[in-house]
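In what follows, a single structure is set out as structure tokens and then discussed.
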Amino acid sequence: MSPTRCILDIYLTKSYHEYMEHTHLESLYPEKTREEEIGKILSYIKSGKSSQLIALPGVGRANLLGFLAYNRQIRIHHLGEKEQMSFHFVLCNFSEMKNRPLFDVMKFLFLELSSSLHERKRDEEFAIVDKLFKDALSYQDELVLFQELKNAIDYLTLERNLTVTFLLERFETYTPQATEAFFNNLRSIRNRAKYKFSVVFSTTRPLEDVLEPELLADFYEYVADNHVYLSLFDKVGLAFRVSYLEKLTHEKITQTTVDKLISLTGGHGKLMRLALESAFSHNKIIDTSSLLGLKTIHGALLEIWYFLTPDEQQDILAICKNTSQITNDFLQNIGLIKSSSITIPLFKDFCLAQREKGKQPAVFTLDLITNTIQRGDTVISDMLTRSEFRLFKLLLESQGAILSREDIIQAVWTDSKTQEGVSEQALDQLVFRLRKKVEEDPNNPMLIQTVKGRGFRFVQPLS
């Protein structure tokens with residue numbers, strides 16, 4: 001094994017991650033990193049609004065939230081030395097809240113708020129908030145806990161004149177079990193703190209696409225259309241990562257190699273990082289074939305592919321084969337396509353290779369223990385709203401059988417009063433939304449079939 005590889009193994013698998021965990025690598029990035037996106041998020045926060053940070057997997061949502069929470073120079077660059085002191089960011093990784101009840105979620109937000117004050121050495125504020133948190137826990141009552149959380153926010157925003165922002169990292173992992181009460185609580189806090197409280201929802205898709213309208217209704221006015229799409233390529237951040245790796249490894253990488261990797265990966269954060277590590281290890285220009293042969297790169301490309309819905313996958317394949325001009329707004333917003341072209345050449349080659357394998361479509365499976373739906377290795381249920389999940393679960397449990405509209409309404413709209421107001425149009429809209437997420441062509445469905453005059457049935461893809 002080469003000395004360079006040994007150094008990379010040591011630093012990248014141990015010291016690098018320990019350093020990031022304990023002193024926050026994000027704090028070292030230059031002040032203009034992700035300048036446009038951070039500026040847009042802060043403009044929402046300063047006007048008392050919440051926002052949605054949306055990006056393709058692996059682009060760097062977590063890093064950007066880390067910049068807001070830990071990078072003082074970036075905050076000064078956008079807010080000024082004095083003003084940045086009045087902003088307090090609370091980073092909350094919501095992947096820890098998957099399948100947790102609302103009480104645990106509120107406790108988690110409260111704990112992260114208290115811990116963040118301690119970490120930023122706001123000792124006076126920490127003492128007050130920590131006491132409120134511990135007092136609330138002694139009761140083990142959800143109402144008491146939430147009341148004390150509101151009291152803590154009141155103290156920070158009204159007495160200490162801080163603008164408090166919760167940064168909800170990987171919020172998409174929580175959306176399948178998000179409740180109306182969760183957003184009611186956020187609205188209640190916002191109504192008290194007014195323009196000094198906001199939330200940044202970090203997610204892979206707009207909340208409007210993955211949540212039932214009624215769940216988001218009470219908080220919708222504060223977050224509606226406030227989308228911040230993270231671009232694939234962060235030029236300033238990439239320059240820092242290259243110099244940081246050079247410092248760690250005591251090796252140099254040529255600009256020619258860096259430019260070549262950018263041309264192959266489109267600057268996509270995770271793909272670029274993995275390609276750079278490989279380039280440092282081999283000390284040579286890396287080509288498409290060698291990168292596609294790396295398991296780490298293959299896994300990152302699969303992550304992007306599985307993130308796409310079946311109809312989006314078909315759009316991508318059509319672009320790859322130049323069979324049509326695609327204007328998918330979402331794929332353009334997240335930067336995967338531009339002017340009907342794939343922006344990540346490596347991903348284009350990967351998709352064509354996958355297609356040429358002639359792999360048969362995987363069947364859908366329902367896991368009753370974890371209450372999830374998968375297609376092959378892909379968890380489909382994470383991108384479904386609650387109603388869509390109930391409908392798809394019912395269809396899977398009744399494969400091949402014809403379900404009447406009445407059967408579906410009773411299973412999906414569980415409240416008897418709600419069932420009375422469900423129109424045929426509402427049911428048809430729900431079926432179509434589900435088709436958009438599981439069918440290759442929602443307008444010509446093969447899986448969720450309409451049986452005229454009788455209802456709907458589900459048929460697995462042919463193997």
Side-chain angles (χ1 to χ4, degrees), residues 29 32-41 43-44 51-68 169-172 200-210 225-241 258-276 288 291 297 299-320 322 324-352 354 383 436:
Y29 277 72
K32 292 189 177 182
T33 305
R34 291 293 186 187
E35 185 174 32
E36 182 179 348
E37 294 97 333
I38 290 175
K40 193 170 183 180
I41 289 173
S43 71
Y44 287 129
S51 59
Q52 303 179 47
L53 177 64
I54 306 165
L56 197 66
V59 170
R61 288 179 294 139
N63 281 356
L64 187 144
L65 297 184
F67 298 150
L68 286 170
E169 180 186 346
R170 297 192 65 190
F171 189 71
E172 70 273 7
V200 177
F201 298 91
S202 174
T203 182
T204 52
R205 293 179 182 273
L207 294 179
E208 298 89 336
D209 291 348
V210 295
D225 299 324
N226 299 342
H227 301 152
V228 180
Y229 288 96
L230 198 57
S231 62
L232 297 185
F233 185 25
D234 172 22
K235 184 177 181 180
V236 176
L238 174 62
F240 167 78
R241 287 197 296 272
V258 174
D259 291 342
K260 176 66 174 178
L261 295 180
I262 292 173
S263 71
L264 293 173
T265 65
H268 178 278
K270 187 173 183 178
L271 289 172
M272 193 66 195
R273 174 176 60 80
L274 295 171
L276 277 171
T288 300
L291 287 179
I297 293 287
L301 293 169
L302 274 177
E303 184 180 19
I304 297 173
W305 178 254
Y306 286 148
F307 155 76
L308 302 171
T309 62
D311 63 313
E312 289 167 352
Q313 291 174 350
Q314 292 304 305
D315 284 346
I316 291 295
L317 290 173
I319 293 174
C320 289
N322 298 316
S324 63
Q325 296 290 311
I326 301 297
T327 57
N328 186 303
D329 290 340
F330 177 69
L331 296 182
Q332 291 188 79
N333 288 335
I334 61 174
L336 188 54
I337 65 174
K338 184 178 181 180
S339 301
S340 291
S341 297
I342 308 295
T343 56
I344 305 175
L346 199 63
F347 184 62
K348 178 179 179 179
D349 292 332
F350 167 83
C351 293
L352 288 172
Q354 289 292 104
M383 67 175 69
K436 285 185 67 176

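The side chain to side chain donor-acceptor pair (under 3.5 Å) check on Gln332 picks up nothing, with sequence neighbours excluded. The salt bridge (Lys or Arg N to Asp or Glu O under 4.0 Å) check on Arg170 picks up nothing, with sequence neighbours excluded. Take Thr265 and apply the side chain to side chain donor-acceptor pair (under 3.5 Å) test, not counting sequence neighbours, and it matches no residue. Under the side-chain contact (heavy atoms from CB on, under 4.5 Å) criterion, Glu36 pairs with no residue, sequence neighbours left out. Residues satisfying the side chain to side chain donor-acceptor pair (under 3.5 Å) criterion with Asp209, sequence neighbours excluded, are absent altogether. With sequence neighbours left out, Asn328 forms a side chain to side chain donor-acceptor pair (under 3.5 Å) with Asp315. By the salt bridge (Lys or Arg N to Asp or Glu O under 4.0 Å) test, Glu208 is found to be paired with no residue, residues two or more places apart in sequence or in another chain being considered. Evaluation of the salt bridge (Lys or Arg N to Asp or Glu O under 4.0 Å) rule for Glu37 yields Arg34 as partners, not counting sequence neighbours. Partners of Lys348 under the side-chain contact (heavy atoms from CB on, under 4.5 Å) rule, at least two apart in sequence or in another chain, are Cys320, Ile342, Leu352. By the salt bridge (Lys or Arg N to Asp or Glu O under 4.0 Å) test, Lys436 is found to be paired with no residue, residues two or more places apart in sequence or in another chain being considered. A search for side-chain contact (heavy atoms from CB on, under 4.5 Å) contacts involving Leu264 returns Lys260, Thr288, Leu291, not counting sequence neighbours.
Heavy atoms only, all atoms of each residue included: Ser340 and Ile319 are closest at O-CG2, 3.3 Å. For Ala300 against Leu274, the heavy-atom pair with the smallest separation is CB-CD1, 4.1 Å. Scanning both residues, Phe233 and Ile262, for their nearest heavy atoms gives CZ-CD1, 3.7 Å. Smallest separation of non-hydrogen atoms from Leu65 and Ser202: CD1-CB, 3.7 Å. Closest non-hydrogen pair, His268 versus Ile304, comes out as NE2-CD1, 3.8 Å.
The CG atom of Leu346 sits 10.0 Å away from the SG atom of Cys351 when rounded to the nearest 0.5 Å. Note: Gln314 CD to Thr309 OG1 = 10.0 Å, rounded to the nearest 0.5 Å. Atom NZ of Lys40 and atom CG of Asn226 lie 8.5 Å apart (nearest 0.5 Å). A distance of 7.0 Å separates CZ of Arg241 from CG of Asn63, quoted to the nearest 0.5 Å.
Ring planes of Tyr29 and Phe67: tilted class, angle from 30 to 60°. Tyr229 and His227 have perpendicular rings, their planes meeting at more than 60° on a 0 to 90° scale where under 30° would count as parallel.
Checked by atom type and distance alone, the side chain of Thr343 never pairs as donor or acceptor with a backbone atom of Gly266 at under 3.5 Å. Of the possible polar contacts, one joining the Gln52 side chain to the Leu207 backbone as a donor-acceptor pair under 3.5 Å is found. At least one donor-acceptor pair under 3.5 Å links the side chain of Gln313 to the backbone N or O of Trp305.
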Checklist entry - Taking it one step at a time, do Asn333 and Ile54 satisfy side chain to side chain contact (heavy atoms under 4.5 Å, CB included)? => result CA-CA 9 Å; Asn333 288 335; Ile54 306 165; over 6 Å; no
Item to check | side chain to side chain contact (heavy atoms under 4.5 Å, CB included) between Thr33 and Phe240, intermediate numbers included | outcome: CA-CA 9 Å; Thr33 305; Phe240 167 78; 5.9 Å; no
Checklist entry - Given Phe347 and Leu271, is the side chain to side chain contact (heavy atoms under 4.5 Å, CB included) satisfied, shown in steps? => result CA-CA 10 Å; Phe347 184 62; Leu271 289 172; 5.7 Å; no
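Within the structure, every pair that satisfies the salt bridge (charged side-chain N to carboxylate O under 4.0 Å, His left out) test and touches residues 304-314, not counting sequence neighbours, is listed here: Arg205-Glu312.
Each of Ile334, Leu56, Val59 was compared with Leu230 under the side-chain contact (heavy atoms from CB on, under 4.5 Å) criterion, and only Val59 meets it.
Between Phe330 and Pro206 the shortest side-chain heavy-atom distance falls below 4.5 Å. Met272 has its side chain within reach of Val258: a pair of non-hydrogen atoms, C-beta onward, lies under 4.5 Å apart. Counting heavy atoms from C-beta on, the side chains of Leu64 and Ile41 come closer than 4.5 Å.
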